[in-house]
Amino acid sequence: MKLPPPYYQSQEVVRLAKDLLGKYLYTHINKTITGGIITETEAYAGVTDKASHAYNGRRTARTETMYQQGGISYVYFTYGMHHLFNVVTGKKEVPHAILIRAIYPLTGCETMLKRTGKQKINYQLTNGPAKMAKALGITKKQNGISLSGNLIWIEDKGVSVHKNHIKSTPRIGIDYAGEDALLPYRFILDYKNYIS
DNA sequence: CGTACGATCTGCT
DNA sequence: GCAGATCGTACGA
């Protein structure tokens, strides 16, 4: 059920970003498991992608995580208050990553409500990358950890996603990326067809 | 050391 | 629709 390490080592980061739709993301933090079904992702395609933190081979303390072998988390802090969660993919030294932008909340919902201060359990609880990370309890403490362990992992529960239910659009909040801002690297699952 | 800005969210208009 | 929150990160002096 848990995605095996070789899954993450594929070099096809855009295909993987699409493939992660319909999988289940879980965190086990502070003795509680929280999670849900992945409904929105964005691919960041290595050193040639102007939208990526690793564009042009930029290698710093922050981006170092992306250069590791696929199958670990990349968590970073932005806008002075938000943590964003990524899945590192590809082989070592090739900085591919996939930003998980949204899940549909299913597991540990009471905990996620408490973490976010929200009242209702619905898609709005976890429908943005920073909201999702907050609900799942993800901070920089979870940067660089293995997705094959028992803290953060992704499961394939056999949900088959039909491509008619996947929408592609340009990525969000990357206007600085020039022509790469137009690439259709954002993938959205029409979750209503998959959640009972 | 100083400065500019961000893979966002919320609340108010 | 838009401004404000709020600070780590990157980079140049």
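Just so we're on the same page: letters track the sequence lines, and every chain starts at 1. Computation of the quantities below employed the complete heavy-atom set of this structure, encompassing side-chain atoms and omitting hydrogens, waters and symmetry-equivalent molecules.
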- Message: Just checking A:Tyr191 against A:Tyr104, ring centres under 6.0 Å apart?
- Response: yes
- Could you check whether A:Arg62 gets within reach of a base, just the sugar-phosphate, or nothing at all, counting any heavy atom under 4.0 Å? sugar-phosphate
- Classify the nucleic acid contact of A:Phe77 as base, sugar-phosphate or nothing, counting any heavy atom under 4.0 Å across all strands shown. sugar-phosphate
- Give the rounded distance in Å between these two atoms: OH of A:Tyr176 and C1' of B:dA7. 5 Å
- A:Met81 side chain, from C-beta outward: closest of C:dA5, C:dA10, B:dA7: C:dA5
- Whole-Å distance between B:dT8 P and A:Glu40 CD? 10 Å
- Item | Rounded interatomic separation in angstrom, taking CZ from A:Arg58 and P from C:dT9 | 13 Å
- Task: Please state whether the phosphate of C:dC7, meaning OP1 or OP2, lies under 4.0 angstrom from any side-chain nitrogen or oxygen of A:Lys140.
- Result: no
- Message: Tell me which nucleotide, if any, is Watson-Crick or G-U wobble paired with C:dA13 when both distances must be under 3.5 Å.
- Response: none
- The Watson-Crick or G-U wobble partner of B:dA7, with both key distances under 3.5 Å, is none
- Task: Would you please confirm or rule out a distance under 4.0 Å between OP1 or OP2 of C:dA10 and any side-chain N or O of A:Thr60?
- Result: yes
- Rounded to whole angstroms, how far apart are CD on A:Glu42 and P on B:dG6? 15 Å
- Task: Output yes when A:Lys23 and A:Glu155 qualify as a salt bridge under the 4.0 Å nitrogen-oxygen rule, no when they do not.
- Result: no
- Query: Does a salt bridge link A:Arg59 with A:Glu93, judged by any charged N lying under 4.0 Å from a carboxylate O?
  - Reply: yes
- Message: Without decimals, in angstroms, what is the distance between A:Leu84 CG and B:dG6 C1'?
- Response: 10 Å
- Does one side chain, of A:Lys92 or A:Gln68, offer a donor that lies under 3.5 Å from an acceptor on the other? yes
- Message: Within the 4.0 Å heavy-atom criterion, would you say A:Ala130 contacts the bases, only the backbone, or no part of the nucleic acid?
- Response: sugar-phosphate
- Query: Between A:Met132 (CE) and B:dC9 (C1'), how many Å, whole number?
  - Reply: 15 Å
- Which whole-number value in Å describes the distance from A:Asn127 CG to B:dT10 P? 8 Å
- Message: Within the 4.0 Å heavy-atom criterion, would you say A:Ile174 contacts the bases, only the backbone, or no part of the nucleic acid?
- Response: sugar-phosphate
- Item | Base partner of C:dT6, which must satisfy Watson-Crick or wobble distances under 3.5 Å | none
- Using atom CE of A:Met66 as one end and atom P of C:dA10 as the other, report the distance to the nearest whole Å. 9 Å
- Task: Report yes if the distance between the aromatic ring centroids of A:His82 and A:Phe77 is under 6.0 Å, otherwise no.
- Result: no
- Query: OP1, OP2 of C:dT9 versus side-chain N and O of A:His53: anything below 4.0 Å?
  - Reply: no
- Note on the structure: Out of B:dC9, C:dT9, B:dT8, minimum distance to the side chain of A:Lys131 belongs to B:dC9
- What do you reckon, are the aromatic ring centroids of A:His53 and A:Tyr76 less than 6.0 Å apart? yes
- Query: Is there a stack between A:Tyr44 and B:dA7, judged by ring centres under 5.5 Å and planes under 30°?
  - Reply: yes
- Task: Would you classify A:Lys118 as touching base, sugar-phosphate or nothing, given that sugar-phosphate means primed atoms plus P, OP1 and OP2, and contacts are heavy atoms under 4.0 Å?
- Result: sugar-phosphate
- Looking at C:dG8, C:dA10, B:dA7, which one has an atom nearest to any side-chain atom of A:Ser52? B:dA7
